[in-house]
Novice: 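I have a structure I would like to understand better, so I am pasting it below and will then ask my questions one at a time.
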Amino acid sequence: MFQKTRFRLVTLNVIVVFLLLNALGGAVYFTMKILLYSQVDRELEKVSQRLGPRPVSTATADKRRSLPV
């Protein structure tokens, strides 16, 4: 008698749990992606500040100008 109702409730529960897990997984993924990329950016910025500006030699600059674009 309740077979159809039971099947519909189980299906609905499966769909809801699936959507919740996907939403949670997506939120964790994008949060971690943003955090990790910002950490890498900060580390690269620190390294570039430590190294300072590098002068470009005239030979390297001449080679760049002569390369076809």
Side-chain angles (χ1 to χ4, degrees):
M1 179 175 170
F2 294 109
Q3 289 292 350
K4 186 176 180 181
T5 305
R6 183 183 306 158
F7 178 75
R8 291 176 74 187
L9 283 173
V10 169
T11 304
L12 180 64
N13 283 335
V14 167
I15 290 171
V16 168
V17 169
F18 176 76
L19 292 174
L20 286 174
L21 286 175
N22 277 331
L24 180 64
V28 169
Y29 173 79
F30 286 112
T31 301
M32 291 305 297
K33 180 180 173 183
I34 290 169
L35 290 175
L36 290 174
Y37 273 113
S38 63
Q39 182 181 0
V40 169
D41 288 342
R42 282 193 306 271
E43 291 296 322
L44 287 173
E45 186 67 31
K46 286 180 190 176
V47 170
S48 71
Q49 293 296 326
R50 249 185 290 152
L51 292 176
R54 300 277 181 182
V56 177
S57 68
T58 56
T60 306
D62 291 340
K63 286 180 185 176
R64 288 183 187 159
R65 283 189 219 130
S66 65
L67 291 175
V69 177

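Computed from a prediction, not measured in an experiment: that's the story for all the values here. Along the sequence shown, residues carry numbers from 1.
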Novice: Can you check side-chain contact (heavy atoms from CB on, under 4.5 Å) on Val28 and Met32, steps first, answer last?
Specialist: CA-CA 6 Å; Val28 169; Met32 291 305 297; 4.3 Å; yes
Novice: Is there a path of hydrophobic side-chain contacts, each under 4.5 Å between heavy atoms of I/L/V/M/F/W/Y residues, joining Phe18 to Ile15?
Specialist: yes
Novice: To the nearest 0.5 Å, how far apart are CG in Leu9 and CZ in Phe2?
Specialist: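 The distance works out to 11.0 Å.
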Novice: Can you confirm whether Leu21 sits close enough to Val17 that some side-chain heavy atom of one is under 4.5 Å from a side-chain heavy atom of the other?
Specialist: yes
Novice: Under 4.5 Å between any side-chain heavy atoms of Gln39 and Leu36, yes or no?
Specialist: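 Contact flag for Gln39/Leu36 side chains = yes.
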Novice: Go through the structure and list residues passing salt bridge (Lys or Arg N to Asp or Glu O under 4.0 Å) with Glu45, not counting sequence neighbours.
Specialist: none
